[in-house]
Amino acid sequence: MFEKFRKFETELAGRPLVVETGKMAQLAGGSCLIRYGETEVMCTATMSAKPREGIDFFPLSVDYEEKLYAAGKIPGSFQRREGRPSEKAILASRVIDRPIRPLFPKDMRNDVGVVATVMSVDPDCLPEITAMIGVSVAISISDIPWNGPISGVSVGLVDGEFVINPTLEQREKSRMAVTVASTDKKVAMIEAGAQEVTEQEMFDGIMKAHEENQKIVEFIKQIRAEVGRPKVDFPSNDPSHEMYEDVERIAIDDVRKALDTDDKRVRDENLQPIYERVHELLDEKYPEETGKLDDCLYKLQKFVVRRWLLDDGKRVDGRGINEMRPLAAEVGLLSRVHGSGMFTRGQTQVLTVTTLGPISDAQMLDGIDNEESKRYIHHYNFPSYSVGETKPSRGPGRREIGHGALAERALVPVIPSVEEFPYTLRLVSEVLSSNGSTSQASICGSTLSLMDAGVPIKKPVAGISCGLVTEGDRFMTMVDIQGLEDFFGDMDFKVAGTKDGITAIQMDLKIDGLTPEIIKEALEKTRVARNYIIDEIILKCIPAPRAELSKYAPKMLTTKIPVDKISEVIGKQGKVIQKICAECDCKVDVEEDGSVFVSAIDLDNAKRALLMVETIAKDPEIGSIFKGVVTRIMPFGAFVEIAPGKEGLVHISRLDMKRVEKVEDVVNVGDVVIVKVMEIDDQGRLNLSRRDALMDVEGLKPEQNSAPAPRRNRGHEFKNHNRH
């Protein structure tokens, strides 16, 4: 029998927050329609009846679905249907996934599917925040075992004041955009982009958001108390205590020896015979649960690593708790690319390549928000060989998209504006070797690559991660975690920024949350490490962006023309601009505000194209010299086009250094000649002179018997002059 319709209301950041249950999607395990302002998201959570066989992880899927009707848009695809999720939708899914996943039982193997469908968008009320709260409600009132609820809010810093869930106008002014999720006690997730805010400002903003989250957590608890279903039991997948003790007795000493190395390959080679020996001795005793023997070995490795860290302050590779692995940086590795930089930290190595393109290469976006394009694009690739495995490449997954977006967010604050550097930038980070924190290595490699490409970034950016191990009230943090410390630890706290402040944060947790003390310590440790990387590694490799672009990079020139002249520059059916591009081997982009961007590999071609555009859009100055093409010949002179659609008359008396009897004796249609602008009459018509141009450019002198100059404004000379 279906549940009765219920409606729950509260207020969040001065706007109504409404949760409706018992009306939609009632066959799901838990469902609600959540309204925040005029943003409306339907959230569902469903669990399979039986566990999935043969897996050693909890199978959770989180899907955030953007429906373009929510923003009153029709999809731009050929079929006019929503296709694969946008990058923003994937990032929203990850932001929702990270705080809810650690709160599920780790030994559960039943599939759980969470879906948040955005059905209406109010630009002042972020749909991903609304969806996160709605998902928390849906799981809380379902029969799915879960140690929630959580709440999430966004916090901005506007005019020195922290603002919870800032409006669209406030977000445009804010120095930070931080999403914080919390349980009733701890901070469960942090995702941040910022304009070089200090560690103290970031900490205070996180705590402000955490305080606000507590109110919504209590609101969700009230909903659960009234309409929540009893949680179901599930078959635990944990190995028995007896099995674990058998494995520990056989392998504990060998595992300690195997893990005690700084080389991932050696460690894996050392562990392989231990796995074989355990199976050889125990498969017969546990014939139905041989797969759980591997789980016991995993737990045994985790036990060893965590005891080393907590009890002995020892790391598997022998480093100090606040010591980074060996660091190296190199630039200019590839000959033909526009910029390249490689950053190595221990056995983690990332090569980033920068490509510069015209503004028209900016990525077009088709989403439910107001962002339609972006000129800075960051892609991140994680091939299987980087971890010593082999599998076919299927394109970027959610992890690759998330890490690319993190690096992009970290570097955006230092990218020069389009007015300062009129290029589209695409960076590609290729992970060559991975043993922990490749996303932060990609940020360091990207700074190197941008500087190698000659991009005038405002400051270098570096990234570093901080790990965590907890036991009751005890905790310890360590900087620059490698793969093993990530797998067996409780946190991967990634922080990127300049020496003046933080530009991005991403926090992944395996526990239910962090205390303020842990957050503060992690921020300080990453600050010290980040500054060391910038001073001692990046700036010693390349002290400043290169003064000149690569000879293979397009050269970009810009100008601004009157808006009412745009149609003349483009021409009917684009013929004028196409002619400029063909003649100058360049690309010309004209924006709606009259901004013109000219790009060409050869700088002289770019200058010539820019001159053509300016000549069409603005009257040429008297005395300026142009290279033009003879378009028509008349008895009294020749018409010369100095730019597409812009021509003037060279009177026969000004055709040559000597007297000319017949125009055809000097020039013919199609000839390229240099001319000088002598006069612009009151109707805007141009009087040109080839003779004066030759005198100025080649230093020639006219013969004494040359004809006198024509009288001013001789109207009959323009009788057949079809002006464009």
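With no hydrogens or angles considered, a side-chain donor-acceptor pair links Asp593 and Ser595 at under 3.5 Å. Using modelled atom types and a 3.5 Å distance limit, the side chains of Ser360 and Lys587 yield a donor-acceptor pair. If you check the side chains of Thr438 and Tyr380, you find a donor sitting under 3.5 Å from an acceptor. Thr631 and Glu641 share no side-chain donor-acceptor pair at under 3.5 Å.
The environment of Lys575 atom NZ is sparse: at most 12 non-hydrogen atoms of other residues, nucleotides or ligands sit within 6.0 angstrom. Within a 6.0 Å sphere centred on NZ of Lys607, other residues, nucleotides and ligands contribute 12 heavy atoms or fewer. Counted within 6.0 Å of CD on Gln363, heavy atoms from surrounding residues, nucleotides or ligands total more than 12; the atom is thus considered enclosed. Applying the 6.0 Å contact sphere to CD of Glu621 captures no more than 12 heavy atoms from other residues, nucleotides or ligands.
In this structure, Met342 and Gln349 have side chains that are in contact, with non-hydrogen atoms separated by less than 4.5 Å. Two residues are said to be in side-chain contact when any heavy atoms from C-beta on lie closer than 4.5 Å; Val431 and His403 fail this criterion. The closest side-chain heavy-atom distance from Ser599 to Met556 is below 4.5 Å. In this structure, the side chains of Ile538 and Ile533 come closer than 4.5 Å at one or more pairs of heavy atoms. Looking at heavy atoms from C-beta onward, Gln506 lies out of side-chain contact with Ser439 at the 4.5 angstrom threshold. Under the 4.5 Å side-chain criterion, counting only non-hydrogen atoms from C-beta, Pro545 is not in contact with Leu450. Thr503 has its side chain out of reach of Leu411: every pair of non-hydrogen atoms, C-beta onward, lies at least 4.5 Å apart. Contact of the Leu356 side chain with the Leu425 side chain is registered, since non-hydrogen atoms from C-beta on lie closer than 4.5 Å.
Judged by distance alone, the side chain of Ser449 and the main-chain N or O of Thr352 form a donor-acceptor pair under 3.5 Å. Judged by distance alone, the side chain of Arg375 and the main-chain N or O of Ala362 form no donor-acceptor pair under 3.5 Å. Not a single donor-acceptor pair under 3.5 Å links the side chain of Thr354 to the backbone N or O of Leu427. Judged by distance alone, with hydrogens and angles left aside, the side-chain atoms of Tyr423 form a donor-acceptor pair with the main-chain N or O of Pro554 at under 3.5 Å. In this structure a side-chain-to-backbone donor-acceptor pair under 3.5 Å is present from Glu82 to Leu68. Panel note: side chain Arg530, backbone Thr498; a donor-acceptor pair is recorded below 3.5 Å. Checked by atom type and distance alone, the side chain of Ser433 never pairs as donor or acceptor with a backbone atom of Thr348 at under 3.5 Å. For Ser86 (side chain) and Ala89 (main-chain N/O), a donor-acceptor pair under 3.5 Å exists by modelled atom type. A distance-only check finds a donor-acceptor pair linking the side chain of Thr424 to the backbone of Pro358 [under 3.5 Å]. Judged by distance alone, the side chain of Glu647 and the main-chain N or O of Phe639 form no donor-acceptor pair under 3.5 Å.
In this structure, Arg94 does not pair ionically with Glu191, as no charged nitrogen and carboxylate oxygen lie closer than 4.0 Å. Salt-bridge formation is not detected for the pair Lys555/Asp602: no Lys NZ or Arg NE/NH1/NH2 atom is positioned less than 4.0 Å from an Asp or Glu carboxylate oxygen. Looking at Glu420 and Lys458, no side-chain N of the basic residue comes within less than 4.0 Å of a carboxylate O on the acidic one, giving no salt bridge.
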Inset, instruction - Output, in order, the C-alpha distance, side-chain angles, deciding distance and verdict of side-chain contact (heavy atoms from CB on, under 4.5 Å) for Cys541 and Leu448. - result: CA-CA 8 Å; Cys541 175; Leu448 294 166; 4.1 Å; yes
Inset, instruction - Report the C-alpha distance between Leu549 and His338 in whole Å, list the side-chain angles of each, state the deciding distance to 0.1 Å, and finish with yes or no for side-chain contact (heavy atoms from CB on, under 4.5 Å). - result: CA-CA 7 Å; Leu549 303 182; His338 302 160; over 6 Å; no
Inset, instruction - Determine, stepwise, if the pair Arg171 / Ser154 fulfils side-chain contact (heavy atoms from CB on, under 4.5 Å). - result: CA-CA 10 Å; Arg171 293 198 298 272; Ser154 172; 5.6 Å; no
Inset, instruction - Start with the C-alpha distance between Val197 and Val178, add both sets of side-chain angles, then the distance that settles side-chain contact (heavy atoms from CB on, under 4.5 Å), and finish with yes or no. - result: CA-CA 11 Å; Val197 302; Val178 184; over 6 Å; no
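Nearest approach of Val121 to Ile368, heavy atoms of both residues: CG2-CD1, 3.7 Å.
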Residues 391-402, side-chain donor-acceptor partners within the protein, below 3.5 Å, at least two apart:
residue : atom : partner : partner atom : Å
Arg398  : NH1  : Val62   : O            : 2.7
Arg398  : NH2  : Asp63   : OD1          : 2.8
Glu400  : OE1  : Gly397  : N            : 3.0

Check residues 663-678 and write down every donor-acceptor pair under 3.5 Å in which the side-chain atom is one partner and the other belongs to a residue at least two apart or another chain.
residue : atom : partner : partner atom : Å
Asp671  : OD2  : Asn668  : N            : 2.8
Lys676  : NZ   : Asp696  : OD2          : 2.6

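With sequence neighbours excluded, the residues satisfying side chain to side chain donor-acceptor pair (under 3.5 Å) with Asn381 are Glu430.
For the salt bridge (Lys or Arg N to Asp or Glu O under 4.0 Å) with Asp656, the qualifying choice from Arg654, Arg659, Lys658 is Lys658, the only one to do so.
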